[in-house]
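Only one structure is covered here, and it is reproduced in the block below.
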Amino acid sequence: MSLFKKPYFMRSGVERFRDLLEKEIGQRCEVYRHPSTSRKLPAVFVLMFKNFPDPEYMTAYSYGLSASNGKDQGFAGRELVIQIKSNLDNWGHVLGFLISHLRGDCPFDVGQIIRFGQPIAGDSSMEHFLVHDADEDLGTSTNFILSKNYGVSLVQLSPIYGNELAVINKMGWTAFYSRLQSVKSDINRNPL
């Protein structure tokens, strides 16, 4: 660790994002780098906060999706967040995996289903994600200004079971999400 702190104007986007998150949350995060599958795009970073917002929970934020969609979104690029009740790091690492493989092809739009195709982590049989607006009770802001010309806005992923896809098709994602919202962090909940 250096004795000198890097001046703010010299910090990268991920360093600025990390600093803002750590200040809001009040704890340090673990940062993981996931290599890019595209030569044209930079690596993806996952910023993982354990025991946040409560013990036994994990909240992870991505940084790297906005590298492919930031210019199309104007001032704010899009990044992902997941907040679940689990101690397994796999839930956070899946953000890096999904972005590295899907950015540029998948917009991660609100209401979209991301089909993972196998259990996401060893402590749950959930196989897919529903993309929705980041919750107001997330515990952090949902929009971050990283420089005078750029910021990021969060969308949230909530895991769902494979057999819930038919329910979503029948009732629509907004009606499904209104039922899911109170239990979305429970990775072993009963299917809706």
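Computed from a predicted structure; not experimentally measured.
- Not a single donor-acceptor pair under 3.5 Å links the side chain of Ser62 to the backbone N or O of Glu79.
- The shortest heavy-atom contact between Val46 and Ala60 is CG1-CB, 4.1 Å.
- Note that CG of Leu157 is 7.0 Å distant from CG of Leu98, once rounded to the nearest 0.5 Å.
- Across all their heavy atoms, Gly77 and Tyr150 have their closest contact at CA-OH, 3.4 Å.
- Using a 4.5 Å heavy-atom cutoff, the side chains of Gln112 and Phe129 are not in contact.
- The aromatic ring centroids of Tyr32 and His93 lie less than 6.0 Å from each other.
- Counted within 6.0 Å of CD on Gln27, heavy atoms from surrounding residues, nucleotides or ligands total more than 12; the atom is thus considered enclosed.
- Counting only distance, with no hydrogens or angles, the side chain of Asp186 and the backbone of Asn188 share a donor-acceptor pair below 3.5 Å.
- Between the side chains of Ser36 and Arg103, at least one donor-acceptor pair of N or O atoms lies under 3.5 Å.
- A donor atom on one side chain and an acceptor atom on the other are not found under 3.5 Å apart for Tyr177 and Ser158.
- In terms of heavy atoms, Met58 sits closest to Ser86 at CB-O, 3.6 Å.
- Note on Ile114: it clusters hydrophobically with Ile160, by side-chain heavy-atom contacts below 4.5 Å among ILVMFWY residues.
- One finds no salt bridge joining Glu127 and Arg115 here, because no Lys/Arg side-chain nitrogen approaches an Asp/Glu carboxylate oxygen to under 4.0 Å.
- A side-chain N or O of Asn87 and one of Glu56 form a donor-acceptor pair less than 3.5 Å apart.
- Between Phe17 and Tyr63, the ring planes are tilted. Angles from 30° to 60° get that label.
- Under the 3.5 Å distance criterion, the side-chain polar atoms of Ser153 are left unmatched by any main-chain donor or acceptor of Arg78.
- A donor-acceptor pair is defined here as one N or O able to donate and one able to accept, closer than 3.5 Å; no such pair exists between the side chain of Ser141 and the backbone of Phe144.
- Remark: the Ser185 side chain and the Gln83 side chain contain no N/O donor-acceptor pair separated by less than 3.5 Å.
- Between Glu164 and Arg189 there is a salt bridge, since a side-chain N of the basic residue sits under 4.0 Å from a carboxylate O of the acidic one.
- Heavy-atom minimum distance, Ser147 versus Ile145: O-CG2, 3.2 Å.
- No hydrogens or angles considered: nothing links the side chains of Thr140 and Glu24 as a donor-acceptor pair under 3.5 Å.
- The hydrophobic clustering, which links ILVMFWY residues whose side-chain heavy atoms are closer than 4.5 Å, places Leu130 and Met171 together.
- Within the 4.5 Å cutoff, the side chain of Phe97 has no heavy atoms near those of the Leu102 side chain.
- At a threshold of 4.5 Å between non-hydrogen side-chain atoms, the residues Trp173 and His132 count as touching.
- A donor-acceptor distance shorter than 3.5 angstrom exists from the side chain of Ser100 to the backbone of Thr37, with no hydrogens or angles considered.
- Of the charged side-chain nitrogens involved, none lies within less than 4.0 Å of a carboxylate oxygen, so that Asp54 and Lys85 do not count as a salt-bridged pair.
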